[in-house]
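Structure first, commentary second.
Letters A, B, ... are given to chains in the order of the sequence lines, protein chains preceding strands, and every chain is numbered from 1.
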2 protein chains.
Amino acid sequence: MTSSKTPNKSADDSDVNAALESGRRRATINDIARLAGVSKKTVSRVINQSPFVREETRQRIEAVIAEWGYAPDPQARGLAFRRSFLIGMIYDNPNPQYVVNMQLGLLDGMRGSGFELVVHPCDRSSPTFLQDVRMFIERQKLFGVVLPPSVSEDERVADLLRDIGCEYIRIASVPLDEEEHMIVGHDRLGAQAMGEHLVSLGHERIGFITGLPSFRSSHERRGGFEDALAKAGVKLDPDYVVQGAYTFESGLACGEALLAKTPRPTAIFAGNDEMAAGVLQAARRAGLTVPEDLTVVGFDDFQIAQAVWPPLTTIHIPTREVGRMAAEKLIAREGYEPGDPSRIIPYLVTRESSAAPKKV
Amino acid sequence: MTSSKTPNKSADDSDVNAALESGRRRATINDIARLAGVSKKTVSRVINQSPFVREETRQRIEAVIAEWGYAPDPQARGLAFRRSFLIGMIYDNPNPQYVVNMQLGLLDGMRGSGFELVVHPCDRSSPTFLQDVRMFIERQKLFGVVLPPSVSEDERVADLLRDIGCEYIRIASVPLDEEEHMIVGHDRLGAQAMGEHLVSLGHERIGFITGLPSFRSSHERRGGFEDALAKAGVKLDPDYVVQGAYTFESGLACGEALLAKTPRPTAIFAGNDEMAAGVLQAARRAGLTVPEDLTVVGFDDFQIAQAVWPPLTTIHIPTREVGRMAAEKLIAREGYEPGDPSRIIPYLVTRESSAAPKKV
DNA sequence: GAAGCCCTTGACACCGGTTTCCACTCCCTT
DNA sequence: AAGGGAGTGGAAACCGGTGTCAAGGGCTTC
């Protein structure tokens, strides 16, 4: 009777066990404690990997936990810890494929950790934006949040997070914060690769369509492109740079604008695939054949790049992998090593939309 | 001194108020009770809209709640209620735009309700699928789940949910469950509309590409199409029906197969836009011009329909609205009326990919 | 053999809400 | 004025975990 805590509990115990065994009730920490003949505090220690538990005791408890399939209640645990086991993704990126890939990546990185992902699209221009974000985080007592662009680039949000002491990871194309809060993408490298590709094909009069200026990636992509051109001794004529908005429609309009220039560019590099698809349409309306009359290239390598005609030469961005790294960094589990940054380096994908310019 | 509960609390009170006012601590139900001069039970009654509170008392408490911006802790509340305020979206639909639109719709319907959305993509063919779902729901004590296709069509999942007593809404193109658990889409109507459109243009030899047979929508779309043709006295030749997989690649392959038939169909109706984009590519490879040589139409009206050339005639499905209705139904708030089903009726969007067949 | 220390363990209060139970109003009847 | 019922609010237990702190046991050390 060493494990019995009160003299007349055995009758109750059998009732309790019956309820448990029939599956009518999930096991609680008290059940596990009782079944293992220890106090619930010790079970708690095992759950939280406290080193102050005798190996033999730990194994006994772990066996009982495994046998009954016990998992602690995140709400109760969260209540005591004063925080939840939820991770928020706060975003305003309008591209569905980016969003979904990012979500999948985050879930990859969270798998088996006991955390769950709560999604929170937002409108950065709303007057209540910061208050909404704060409410979201404080009410749910989020463990942490992941911020993809362009929310990641908003210092007000970062300040808020530091202020309320919420863990966060910012995903951006440039370092904006301490290293531990950043996953830095390599848009610049990707744009450089594209610049080299176009130059190597022999293009010299190239149009460029920027993304939304509120996204740092817009500037990085342009910058990387200019780097590559400069290195090859080709100059990017500012007159051939027009500002898009990362949308198909803006790509169409900007494409038409660029194609109206004299002389016409022999290639157009759009800041993302959506806009490149718009350029393809502009080219078609102008009676031009791609890539014979015009090279059109994009950035991101989302599905649209393959669905248009001709399929787009573009830069592949490993969004899902970026998400995985972000989640891993956020929860920083034991056995977590920093993650090889080379996993998220973008690369050129050559398809049929790019070719050498026609000889004059 | 009527509101003072213990004689020597006033000193403590000012400390507590200081902490509150400085924002160092969020208000709890005890603070609100103290500030309003009532017991926390009464505050709880107000929060939970109990009718047993004097109107005057209620207003006083609500004023204090508003003044301090108090919101009850979902974890503590959930712990006592034995359920969380989380809603799960369990899905295996591979289309990013569908997923994102559905999420947005669900969030629309949940806005201001205090619920949050936890996303849970899954693999229905995994051996641990049902166990994963069960674990997800039971651990988080989800308030309810929303099941879009094709998870919604899996009776094992519905059985599981009934078994563990979890609220759920199934989104599908046919009624599969009691009315209160269903949002029924109208794929059939949409496909009928497309059938009528093609017939009215004069097409009689029409190819059809089905979606994945594991999606009920595939059969409904085909069925609705056949209905419309039958009504017009046109027969759908089974030889001109090929099975796709809702992907671009499958659309390409199926398009090639259909265009190889003799005589060639004058129109191809693909079960979704992705496949229609594939058909466009097959047509181009075959040297055909759309819509002069071949009419190609899709279904869903996702963004790809506008980004390809020519832009696709398709059926618009109000996915986001469907999501909103699902969420509203799930949380069935006071003031909730069933929701006008006409809001989610699909409609034809005519673009440039459909035209009358050339005269022979 | 007693003191001192470390390793383990458990009792108890607490996280922030809800529910149960009960006592106390208040108002209306008799 | 007393009695009775409905309406109202408080104390304490509870949801399922965690923090704090002190106690028990085995070991070494003097």
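Using a 4.0 Å cut-off, no side-chain N or O of Thr28(A) falls inside it from OP1 or OP2 of dG16(D). Listed pair Thr42(A) / dT9(C) fails the phosphate criterion, with no side-chain N or O lying under 4.0 Å from OP1 or OP2. For dC7(C), neither phosphate oxygen OP1 nor OP2 lies less than 4.0 angstrom from any side-chain nitrogen or oxygen of Arg54(A). For Tyr70(B) and dG17(C), the shortest distance from a side-chain N or O to OP1 or OP2 is below 4.0 Å. Applying the 4.0 Å criterion to OP1 and OP2 of dA11(C), one finds that Ser39(A) has every side-chain N and O outside that range. At dT18(C), one or more side-chain N or O atoms of Ser44(B) fall inside 4.0 Å of OP1 or OP2 (strictly under the cut-off).
In this structure the side chain of Val146(B) never reaches within 4.5 angstrom of the side chain of Tyr168(B), judged on heavy atoms. Between Ile331(B) and Phe143(B) there is a side-chain heavy-atom pair separated by less than 4.5 Å. Residues Phe85(B) and Glu116(B) are not in side-chain contact: their nearest non-hydrogen atoms beyond the backbone lie 4.5 Å or more apart. Contact check for Val118(A) versus Leu117(B): no side-chain heavy atoms found under the 4.5 Å cut-off. Within the 4.5 Å cutoff, the side chain of Val157(B) has heavy atoms near those of the Phe129(B) side chain. Inter-residue side-chain proximity for Phe52(A) and Thr42(A) is flagged as unmet; no heavy-atom pair is nearer than 4.5 Å.
If you check every strand for non-hydrogen atoms under 4.0 Å, Phe81(A) touches sugar and phosphate atoms only. When heavy atoms are screened at a 4.0 angstrom cut-off, Val53(A) is found touching the sugar-phosphate backbone but no base atom.
Going from atom CG of Asn48(A) over to atom P of dG16(D) covers 17 Å, rounded to whole Å. Gln140(A) has its CD atom 16 Å from the C1' atom of dC15(C), to the nearest Å. Rounded to whole Å, atom C1' of dG16(C) lies 13 Å from atom CD1 of Ile32(B). Atom CD1 of Ile29(A) and atom C1' of dC12(C) are 15 Å apart (whole Å). Distance CD1 (Ile47(B)) to C1' (dG17(C)): 8 Å, rounded to an integer number of Å. The interatomic distance linking Arg45(A) (CZ) with dT18(D) (P) rounds to 11 Å, in whole Å. Here the C1' atom of nucleotide dG9(D) and the CD1 atom of Ile61(B) are 10 Å apart, to the nearest Å. When rounded to the nearest whole Å, the span between CD of Glu56(B) and C1' of dT8(D) equals 13 Å.
Relative to the side chain of Ala80(A), the nucleotides dG17(C), dT19(C), dC15(C) differ in distance, and dC15(C) lies closest. The side chain of Lys41(A) lies closest to dA11(C) when the candidates are dA11(C), dG10(D), dG17(C). Ranking dT9(C), dG9(D), dG17(C) by closeness to the Lys40(B) side chain, first place goes to dG17(C). Here dG17(C) is the nucleotide among dT18(D), dG9(D), dG17(C) with the atom lying nearest to any side-chain atom of Asp73(B).
Both Leu79(A) and Arg82(A) lie near DNA chain D, and the one whose nearest nucleotide falls closer to the 5' end is Leu79(A).
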